[in-house]
Amino acid sequence: MNNILLQGINFDAHSSFQQGPAKAPALIRKAFHSDSGNSYSESLDLIDNTVFHDVGDFDIDAYFDIEFITRDNLKQAEKLLTLGGDHSITYPIMKAYREKYESFDILQIDAHSDLYHDFEGNPYSHACPFARILENKLADRLVQIGVRTLTPHQQEQAEKYDVEVITMQDFDPSNLPKFERPVYLSLDMDGFDPAFAPGVSHHEPGGLSTREVLRIIQSINVPIIGADIVEYNPDRDFQEMTAYLGAKMMKEILAKMI
Ligand code: MN
Ligand code: MN
């Protein structure tokens, strides 16, 4: 059994504003394998430590196919790294994860809390996955970092589901959350400041720097059982800089997962 499996989910049908993230997995992967860099993360050589098996990208016709694909892939590996896709993919991924892992927390890095009960009538919008995850008790704890768009409704939802929201305004890099259960990491590329990640559908200035996100990831004090990198929108990118940022995140997340 391979320890880590890489899957791409080409899906952006639940984006509320712009399509584009369905094209992201292939471009992040291409940046990851580009000869412009070497195979070293900041802590180890990913080629010498290659334990991830790439099963490629899946075109999605029906939303819950994401759950079935993820479930199948979780039979072949302990852990998955998923390239999205819009953020709606995290809900069906967590449905499959919960069957395999009884106890885990989610760390979400995002400009948005994605806690809407529904968004413009769609309960599966990319603005809603964490409401679905929590109402179905698919994780034991949700910690969000980088949020800077909290509405009164989402504030209410956060209180209802005991979400620990670390807003950008309150973010203190010297006081990062500690975990007691394994963690699933969900990285929405719009958690970064758009100066670092212009290739996202929703620009929200005042976000995290690359180094701050790396510090958050590298300081996770428990095993990472899986991760997704979502919301990269190539149509909005500039000189592929967000694809390369996604690839850098892939490297550092893999280094922590191995
Ligand atoms: Mn999101
Ligand atoms: Mn977001």
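Along the sequence shown, residues are numbered consecutively beginning with 1. Whatever order the structure lists ligands and atoms in, that order sets their numbers, starting from 1.
Take Asp118 and apply the salt bridge (Lys or Arg N to Asp or Glu O under 4.0 Å) test, not counting sequence neighbours, and it matches no residue.
Two rings, from Phe58 and Phe68, have their centers 6.0 Å or more apart. For His87 and Phe130, the ring centers are positioned less than 6.0 Å apart.
Protein N, O or S atom count below 2.8 Å of the Mn ion (ligand 2): the structure gives 5.
Classified by interplanar angle (parallel below 30°, tilted 30° to 60°, perpendicular above 60°), the ring pair His202/His112 is perpendicular.
With 3.5 Å as the limit, one finds no donor-acceptor pair spanning the side chains of Ser125 and Glu120.
Side-chain N or O atoms of Tyr97 include one that pairs as donor or acceptor with a backbone N or O of Ile225 at under 3.5 Å.
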